[in-house]
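Notes to accompany the following structure.
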Amino acid sequence: MKVLTVGGGGREHAAVEAFHRSGAEIYSLMKNANPGIIKRSKKYKIADERDIDAVCRFAKECGAELAFIGPEAPLEAGVVDALERIGVKCASPTKDAARIETSKVFMRELLEKYNIGGNLGFASFDRAEDAGSYIEGLNYEIVVKPVGLTGGKGVKVQGEHLHSFADIMQYVNEIFDNNIGGAGVIIEEKAVGEEFTQMVFCDGTAISPMPLVQDHKRAYEGDIGPNTGGMGSYTDADHLLPFVTASERNEALSIIQKIVDALRKEGCTYRGPMYGQFMLTADGPKIIEINARFGDPEAMNVLPILITDFTDVCNAMAGGTLSGNVEFERKATVCKYVVPEGYGVVSKAGLPISVNEESIEKCGAFAFYANVDRVNDELVTGTSRSVGVVGIANTIEGAESNCTRALEHVTGEAITVRRDIGKRELVQRRVDRMNELRSLNK
Ligand code: AMP
Ligand code: GLY
């Protein structure tokens, strides 16, 4: 089958490998020359991923039968709607359905309207002064977010990044003054607990779960520093996480099912992978955000252990025929992103990087290329995350050790990694913290 993929990051490289394993003929469009994607593509095009005309022209030229859109920006631009108009089936949501991610206000209001559990207190504002008076009247800690898309980097949390009312207002003003996200500001109740990601495949009605993943958004070891798109992530062999019980997981799945049902009732049926970011609090899972796509890095954890044929799964999502559960190997995975120094603040980019794929595979790991580019025949870093390295084994510890050994085979100038991800101490800290929160609630 001829499959068009859009996007040039680590998540899309992982998807392309899964399509390749299932025998698809791959055509790819991306803004950077990702060598991992290029290697598997019959033909590729470097273009703006949000350029609807360019995407449709390329889809026609290749005779694409099915399209998969990795990142959120082309979804927001309406790439799926345009592809469907020219008869290409899509395993990704339309512009209207993708509002579940592209507008945080739409998401929170949908939860409210359909009385779906896991919501948090929130209000959105078009003027800094109004946000200020609202915040003064609250008796809980808050999180400040731009309403629109910011690649996961626009969120600031009281008690972590913001320490006083003055700090909060300074950031609110900065969002308006610099038009960050482009759509105003949302003030949310701060949820306290441990975060986990529940992704599902969705065909408009039915969902099928993927293994739970824990991502690490903070830039530096010990979970400090600015929020990033995600520095690395792990999964466990039982597809739960050491600090999440099966019933807590089921609660998250039931919230996602209700969101899918609500979107259908709103006339914007959702087809494609859906991503739920939850905070597991003493009071159960609360929704931090819903994304209209696979997570990045989370896709790199789950897709390499996917057993069911990926092209079949995508066809079923696109066609509304998902039935039975999609299967994954019972393996643990640890992904660590090699990023340019300064990532999250100001990246040192445009420097050479080299990846020895063969040696990495010998360590029981895979490398997924992300925001790298080829300049004068040399692979160089971009300003975002460079290469995801994923170790796979029977336990988290084993996967972490494979990943760490494999990381030695990524070399370059001014690159760095959060080494603590997936290590026993960090995982244990999460388990202890969750136990403590649960005991406080008793
Ligand atoms: P987002 O881009 O919305 O996923 O936010 C980035 C990160 O900010 C999340 O992964 C959380 O760590 C944190 N965060 C966002 N919203 C909240 C919230 N309501 N309560 C606590 N932490 C939050
Ligand atoms: N890992 C976070 C995201 O993909 O949004």
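Sequence positions, counted from 1, serve as the residue numbers for this chain. Just so you know, ligand 1 is whichever comes first in the structure, and atom 1 is the first atom listed for that ligand.
Between Phe201 and Phe294, the ring planes are perpendicular. Angles over 60° get that label, and only those under 30° would be called parallel. His13 and Phe368 have perpendicular rings, their planes meeting at more than 60° on a 0 to 90° scale where under 30° would count as parallel.
Taking every non-hydrogen atom of Leu120 and a distance limit under 4.0 Å, the qualifying atoms of ligand 1 come out as 19 (N). Every atom of ligand 2 with a heavy atom of Gly229 under 4.0 Å away is listed here by number and element: 1 (N), 2 (C). Counting atoms of ligand 1 from 1 in the listed order, those under 4.0 Å from a heavy atom of Lys217 are 4 (O), 10 (O). Heavy-atom contacts of Arg293 reach the following atoms of ligand 2: 3 (C), 4 (O), 5 (O) (cutoff under 4.0 Å). Every atom of ligand 1 is numbered from 1 in the order shown, and the set under 4.0 Å from a heavy atom of Lys190 is 20 (N), 21 (C). Shown in contact with Lys104 at under 4.0 Å from a heavy atom are these atoms of ligand 1, numbered in order with element: 3 (O). Annotation for ligand 2: atoms under 4.0 Å from non-hydrogen atoms of Gly295 are 4 (O). With ligand atoms numbered from 1 in the order given, ligand 1 contributes 18 (C), 20 (N), 21 (C) to contacts under 4.0 Å with heavy atoms of Ala191. Of all the atoms in ligand 1, the ones that sit under 4.0 Å from a non-hydrogen atom of Met279 are 21 (C), 22 (N). Remark: ligand 1 atoms within the under-4.0 Å shell around heavy atoms of Lys145 are 3 (O), 15 (C), 16 (N). Using a 4.0 Å cut-off to heavy atoms of Arg218, the atoms of ligand 1 that qualify are 12 (O). The Asn291 neighbourhood of ligand 2 comprises atoms 3 (C), 5 (O), with distances under 4.0 Å to a heavy atom of that residue. Heavy-atom proximity to Asp215, at under 4.0 Å, picks out these atoms of ligand 2: 1 (N), 2 (C).
Expressed to the nearest 0.5 Å, how far CD1 of Ile100 lies from CZ of Arg293 amounts to 13.0 Å. Within the model, atoms CZ of Phe243 and CD of Glu194 stand 5.5 Å from one another, a figure rounded to the nearest 0.5 Å. Interatomic distance, Leu280 CG to Arg430 CZ, rounded to the nearest 0.5 Å: 12.5 Å. From Arg108, atom CZ reaches atom OG of Ser124 across 11.5 Å, with rounding to the nearest 0.5 Å. With values rounded to the nearest 0.5 angstrom, Asp420 atom CG is found 6.5 Å from His216 atom NE2. Residue Met300 holds its CE atom at 3.5 Å from SG of Cys335, rounded to the nearest 0.5 Å.
The one candidate from Glu189, Glu112, Lys104 that meets the side chain to side chain contact (heavy atoms under 4.5 Å, CB included) condition with Phe122 is Glu112. Each of Lys217, Gln277, Gln214 was evaluated against Glu195; a single residue qualifies, Gln277, per the side-chain hydrogen bond (donor to acceptor under 3.5 Å, both in side chains) test. Tested against Tyr114 for a side-chain hydrogen bond (donor to acceptor under 3.5 Å, both in side chains), the candidates Glu266, Glu109, Lys258 yield a single pass: Glu266.
Using 4.0 Å as the threshold, Pro297 has a heavy atom nearer than that to some atom of ligand 2.
Contacts between Lys286 and ligand 1, counted as non-hydrogen atom pairs separated by less than 4.0 Å, are absent for every part of the residue. Heavy atoms of Arg11 found under 4.0 angstrom from ligand 2: none, in either backbone or side chain.
A heavy-atom distance below 4.5 Å is found between the side chains of Glu361 and Phe366.
Residue Ile288 has no nitrogen or oxygen atom sitting less than 3.5 Å from a nitrogen or oxygen atom of ligand 1, judged on distance alone. No N or O atom of Lys217 sits closer than 3.5 Å to an N or O atom of ligand 2.
The heavy atom nearest to atom 9 (C) of ligand 1, considering only His216, Glu289, Glu195, is found in Glu195.
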